[in-house]
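First up is the structure itself, then whatever we jot down about it.
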Amino acid sequence: MLLVKTLLSSTFRLALIAIVAFGLIVAAIMAYVYVGTLAYVRSRVGDVGDHDGFTAMIELAMIAVAVLLAVLAGLAAVLVTRRTVGRIEEINATSRAIMLAGLDQRIPLRGSHDEWDRVAENLNQMLDRIETLMGEVKQVSDNVAHDLRTPLTRMRGRLEKAYHVPRNGEADAALIGDTIADLDSVLGMFASITRISEIETRARRSAFRALDLAEIAGEVVELYDAAAEQVATRLSLGGDREVPVTGDRDLLFDAIANLVDNAIKHGRAGGQVTVTCRSAGDGAIIAIADDGPGIPADQRDHVFKRFYRLEQSRYTPGNGLGLSLVAAVARLHGAEIALHDNAPGLTVQLSFPTAL
């Protein structure tokens, strides 16, 4: 079956065309050698001797060489084309398996480390990425359905209860207020999703300019100082007085605000939250540290996914989109985001590249 596909493949036809062109060149060279040899012999010995026998021997040798070259070229064309068609068939078979069974199939590698193995590796990495993205889409869909079910169920329950009882001005006003609050929560969730998508499509790079990261952090600390006092948390700013960075001021403010808000909410009551800005040799660094329970090491790679929430955070306000926004802002600015153990607590660090 593979041999038939090899002989019918366009690669084999191209190989035959190349062989024919090569054969014509070789035939022209051999004809030149043949005629030149006869002319040289005649010029040396004239018409004396048996030229017919010598000519027949040369012709036989040249025919043998031509046949041998044709056979070797044909075998080489078949073998090379068979190898190429075989690797293409492996890719086609894997593609068909993926269409029928799912994204868990991968193209087999032969360990030759040639260009075909590199193509297979790249395609497998692409399939890994697609499978990861599809899993994230499914997770986001499940989480959206889960997070919307609660406010929508509450709204329906309140409206149904109000429908079956006599009208009451104060009760109706409370009902309307609670329903609007739930609707605002739902609309806020979709607004956050839309904003993250906008950031990830790099639609806001036009707003980049030279900024002072320490100044932005100071404004965030000032904004959240009252919220920290409500839970007896000490919120402080440290580091360099000026930290130059290039970026979008509003997005950086939102990202830092999300990190500070998380540190206050999920840190230890009566604890310490520290925001530190400093210039690095090749850029800028901002770190937000708390002394709360922290995040387990095996879950740190997941907290930046949309709607992902730790078990201990499921009963606190929020929808699991804050850190997703932080990650999107970091990617837009070419910054690296890392989570470190603060012993106790957690340190979230954003490392920005050199300011332009």
Lys/Arg-Asp/Glu bridge criterion (N-O < 4.0 Å) met for Arg241, Asp212: no
Here the gap from Ile288 atom CD1 to Thr276 atom OG1, rounded to the nearest 0.5 Å, amounts to 8.5 Å
Please name the pair of heavy atoms, one in [X] and one in [Y], separated by the smallest distance, quoted to 0.1 Å.
| X | Y | result |
| --- | --- | --- |
| Thr233 | Gly270 | OG1-N, 3.9 Å |
| Leu211 | Gly247 | CD1-O, 3.3 Å |
| Thr94 | Arg106 | CG2-C, 3.7 Å |
| Pro353 | Gly334 | CD-O, 3.5 Å |
| Ala338 | His340 | CB-NE2, 3.6 Å |

Test side chain to side chain contact (heavy atoms under 4.5 Å, CB included) on Phe253 and Leu223; report intermediate values, then the result. CA-CA 11 Å; Phe253 184 94; Leu223 176 65; 3.9 Å; yes
Heavy-atom donor-acceptor pair, [X] side chain to [Y] backbone, under 3.5 Å:
| X | Y | value |
| --- | --- | --- |
| Asn124 | Ala120 | yes |
| His333 | Phe208 | no |
| Asp248 | Leu251 | yes |
| Asn342 | Asp290 | yes |
| Asp240 | Ser279 | yes |

Other residues, nucleotides, ligands: >12 heavy atoms within 6.0 Å of Glu336 CD: no
Min side-chain heavy-atom separation [X]-[Y] under 4.5 Å:
| X | Y | answer |
| --- | --- | --- |
| Leu252 | Arg249 | no |
| Leu325 | Asn258 | yes |
| Pro293 | His266 | no |

Trace of the side chain to side chain contact (heavy atoms under 4.5 Å, CB included) decision for Leu350 with Leu259: CA-CA 10 Å; Leu350 287 173; Leu259 293 176; 4.1 Å; yes
Single-linkage hydrophobic cluster, 4.5 Å side-chain cutoff, Ile216 and Val275 together: yes
So Ile286 and Phe352, side chain to side chain contact (heavy atoms under 4.5 Å, CB included) or not? Walk me through it. CA-CA 8 Å; Ile286 181 170; Phe352 293 88; 4.0 Å; yes
Decide yes or no on side chain to side chain contact (heavy atoms under 4.5 Å, CB included) for Gln349 and Ile285, but give the supporting numbers first. CA-CA 7 Å; Gln349 179 175 294; Ile285 294 176; 3.6 Å; yes
